[in-house]
Amino acid sequence: DVFLRSAMRIVTEEAGSLVGRLGSEEFVVFVPDASTVEAIFDRIQARMRTEFSERRAQLVAEFPEFEGKPLLTFSAGAAPVGQGLTLEDVLNRSDDALCEAKKGAGRGCLRWHKWARLGEHS
């Protein structure tokens with residue numbers, strides 16, 4: 001719970017006030033300018049690595065079996081808003097992209113929904 005609250009604080013500070021928690025470990029972030037998504041993601045990643053490094057060291061000292069394992073990763077799926085898309089459509093597309101991020105390159109990456117690559121931006 002401590003890590004989730006810290007992650008939420010970092011995401012909110014870097015992405016703005018349009019942040020919400022969807023479920024267990026999933027957040028939704030509405031970014032008004034799609035061209036800033038990658039930069040926001042990079043800042044969140046960097047802050048999480050920095051801010052959680054001390055906690056990771058404490059955890060490893062107490063539980064040596066965590067040595068060499070990631071303490072926390074941040075993956076993201078993105079989908080632009082397009083004409084005729086409902087909020088549910090955008091959330092579903094973002095979730096599809098998140099699943100790709102977790103499966104494809106592993107954790108700790110950002111993936112855009114497949115239709116975003118075809119120029120569906122508004």
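The first residue of the sequence shown is numbered 1, and numbering continues consecutively from there.
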ask   = With the 4.5 Å side-chain cut-off for hydrophobic clustering, are Val31 and Phe27 part of the same group?
value = yes
inquiry  = If hydrophobic clusters are built by linking Ile, Leu, Val, Met, Phe, Trp and Tyr wherever their side-chain heavy atoms come under 4.5 Å apart, do Leu98 and Met48 end up in the same one?
reply    =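 No, because Leu98 and Met48 fall into different hydrophobic clusters, even though each may have its own neighbours under 4.5 Å.
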How about [X] and [Y]: do any of their side-chain heavy atoms sit closer than 4.5 Å?
| X | Y | value |
| --- | --- | --- |
| Leu4 | Met8 | no |
| Val28 | Arg21 | no |
| Gln45 | Leu110 | no |

Taking all non-hydrogen atoms of both residues into account, name the closest pair between [X] and [Y] and its distance.
| X | Y | result |
| --- | --- | --- |
| Ala101 | Ser75 | CB-CB, 4.4 Å |
| Val11 | Phe74 | CG2-CE1, 4.1 Å |
| Ala15 | Val29 | CB-CG1, 3.4 Å |

key: Carboxylate-amine/guanidinium contact Arg9 Glu51, below 4.0 Å   = yes
Sole residue of Glu14, Glu38, Glu13 in salt bridge (Lys or Arg N to Asp or Glu O under 4.0 Å) with Arg43 =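 Passing option: Glu14.
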Leu91 backbone acceptor or donor facing Asp95 side chain under 3.5 Å = no
message = Quick check against the 3.5 Å criterion: does Asp42 have a side-chain atom that pairs as donor or acceptor with the backbone of Ala39?
response =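 No.
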Residue Glu65 excluded, over 12 heavy atoms near CD under 6.0 Å = yes
message = Under 3.5 Å, is there a donor on one side chain and an acceptor on the other for Thr36 and Asp33?
response = no
ask   = From Arg47 CZ over to Ile10 CD1, what is the distance, rounded to the nearest 0.5 angstrom?
value =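 Rounded to the nearest 0.5 Å, the CZ-CD1 separation comes out at 5.0 Å.
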